J.: 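Before anything else, here's the structure in question.
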Amino acid sequence: MKVGIGLPNTIPGTDGTLLLEWARRADAGPFSTVAVLDRVVYDSVEPFVALAGAAAVTERVRLATMIAIGPLRAPAMLAKQAASVDALAGGRLTLGLAVGARRDDYEAAGIDHRGRGERLTEQLAYLRGELDGSGVGPARPGIELLVGGASGAAFARMARYADGYAHGGGPPRAFGSAATRALAAWRDHERPGRPRLWGQGYFAFADPDRGGAYLRDYYAFTGPFADKIAAGNLTSARAVKDFVRGYEAEGCDELILFPTVADLAELDRLAEVLST
């Protein structure tokens, strides 16, 4: 199993200097990928902009949206953003898409929250079909595509259009349950081989209280469930190693660990933990 690291693009107060240095150090470390999250109504850096910056200062790691909220963008603009980042990165982009869960992001974007699943399906069909020959570029080979979500429709979209599945986080057993559904959907659609299975988690070593506060704020829209998400923050080397082993045992192909404190010492400590 590969292990990547998130960029702190959704941690309030993160500036460009920190994001770029984070990407540089990740590229020099044991990580397979640097990944971003997506919010509109939050003190955050737009995901494709963050990855464009990361593309300019990295050579090895893949770049991923984990995930981008597809329906907030017109299909052609989404394709343009993704193809541009992929071109800047020399073909290193993995595009993870889902519908998102926050109504305020849709309201701010002027997009009706209803019908978002249908819009994502249309986007995926465009990326896998109409985009070719549309003139929307830069020209590129096929971009690796992941689809996230927990509904039956989400797994069907993944199996029909994508290369793999992006899980939204939680303990290894939750990932394992979702992976079973992803594999079943893949078989139902008679796709050859198997989907790539990606997972994610959160970590904070030096200041877990600060990390927990960020998670409770970021997931405040979930109500009391935000406390459960914060409780899953990985705050020790042993917790990280157990989490990694658990995901690997459940068949995860790539695990992204997102920081909850925007401090470069957190990246360095995670690199050390993964290397021992």
Side-chain angles (χ1 to χ4, degrees), residues 1-6 30-38 62 64-69 94-101 117 120 124 144-204 211-212 215 218-219 222 224-260 270 273-274:
M1 184 183 71
K2 298 178 180 178
V3 180
I5 190 168
F31 307 106
S32 57
T33 299
V34 292
V36 290
L37 301 171
D38 188 12
R62 291 194 64 80
T65 56
M66 192 63 183
I67 51 75
I69 305 169
T94 295
L95 179 62
L97 298 172
V99 297
L120 179 58
L124 294 167
E144 183 177 44
L145 186 60
L146 308 175
V147 170
S151 68
F155 287 107
R157 288 185 203 105
M158 181 279 303
R160 182 174 181 182
Y161 296 109
D163 301 298
Y165 175 68
H167 186 242
R173 64 180 179 278
F175 170 83
S177 177
T180 297
R181 296 182 66 189
L183 292 168
W186 194 266
R187 290 192 297 271
D188 288 345
H189 281 74
E190 299 182 345
R191 295 281 302 272
R194 65 187 294 276
R196 295 275 299 164
L197 301 173
W198 288 50
Q200 69 177 44
Y202 291 105
F203 73 95
L215 288 173
Y218 190 76
Y219 288 103
T222 67
F225 190 71
D227 289 328
K228 186 173 182 179
I229 296 172
N233 204 17
L234 306 171
T235 59
S236 69
R238 176 163 186 173
V240 167
K241 289 181 177 182
D242 287 348
F243 193 80
V244 169
R245 281 194 293 266
Y247 266 73
E248 188 168 21
E250 294 289 352
C252 184
D253 294 302
E254 185 139 5
L255 175 64
I256 306 296
L257 297 176
F258 281 96
T260 57
L270 182 61
V273 169
L274 294 175

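Numbers for residues simply follow the sequence, beginning at 1. As the structure is a computational prediction, the values presented were derived from the model and not from experiment. Atoms considered below: every heavy atom in the structure, side chains included; atoms not considered: hydrogens, waters and symmetry mates.
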J.: Answer yes or no: is there a side-chain heavy-atom contact under 4.5 Å between Val34 and Ile5?
T.: yes
J.: Does the pair Arg196/Glu254 count as a salt bridge with the N-to-O cut at 4.0 Å?
T.: yes
J.: Considering non-hydrogen atoms only, spot the tightest contact between Gln200 and Met66 and give its length.
T.: OE1-O, 3.2 Å
J.: One thing to verify: whether Arg194 and Asp163 come together as a salt bridge, which I'm taking to mean a side-chain N less than 4.0 angstrom from a carboxylate O.
T.: no
J.: Within the 4.5 Å heavy-atom criterion, are Lys228 and Tyr219 side-chain neighbours or not?
T.: no
J.: Quick check: closest heavy atoms across Leu270 and Phe31, and the distance to 0.1 Å?
T.: CD2-CE2, 3.8 Å
J.: Taking the side chain as C-beta and beyond, is there a heavy-atom pair between Leu97 and Leu146 under 4.5 Å?
T.: no
J.: Are Lys241 and Val273 side-chain neighbours, meaning at least one heavy-atom pair lies under 4.5 Å?
T.: yes
J.: Please give me the minimum heavy-atom distance between Gly148 and Ala154, naming the atom from each residue.
T.: O-CB, 3.8 Å
J.: So for atom CZ, which belongs to Arg191, do other residues, nucleotides or ligands contribute more than 12 heavy atoms lying within a distance under 6.0 Å?
T.: yes
J.: Measure the spacing between CZ of Arg245 and CD of Glu250 and express it to the nearest 0.5 Å.
T.: 14.0 Å
J.: Heavy-atom distance under 4.5 Å between the side chains of Thr65 and Thr94, does that happen here?
T.: no
J.: Is the distance between the ring centroids of Phe258 and Phe203 under 6.0 Å?
T.: no
J.: Okay, side chain of Asp253, backbone of Leu197: is any donor-acceptor separation there less than 3.5 Å?
T.: yes
J.: So Met1 and Leu255, do their side chains get closer than 4.5 Å, heavy atoms only?
T.: yes
J.: Tell me, with the steps shown, if Leu145 and Leu124 meet side chain to side chain contact (heavy atoms under 4.5 Å, CB included).
T.: CA-CA 9 Å; Leu145 186 60; Leu124 294 167; 3.7 Å; yes
J.: Where is the tightest heavy-atom contact between Trp198 and Ala64, given as atom of each residue plus distance?
T.: CZ3-CB, 4.0 Å
J.: When you compare the side chain of Asp227 with that of Ile229, does any pair of heavy atoms fall below 4.5 Å?
T.: no
J.: Testing the basics here: between Lys2 and Ser32, what is the closest heavy-atom pair and its distance to 0.1 Å?
T.: CB-OG, 3.5 Å
J.: Got Phe243 and Leu257 here, is their nearest side-chain heavy-atom distance under 4.5 Å?
T.: yes
J.: Over 60° means perpendicular and under 30° means parallel, so classify the ring planes of Phe175 and Tyr247, tilted if in between.
T.: tilted
J.: Can you tell me if Thr180 uses its side chain to pair, donor with acceptor, with the backbone of Gly176 under 3.5 Å?
T.: yes
J.: So, for His189 and Ala159, which heavy atoms are closest and what is the spacing to 0.1 Å?
T.: ND1-CB, 3.6 Å
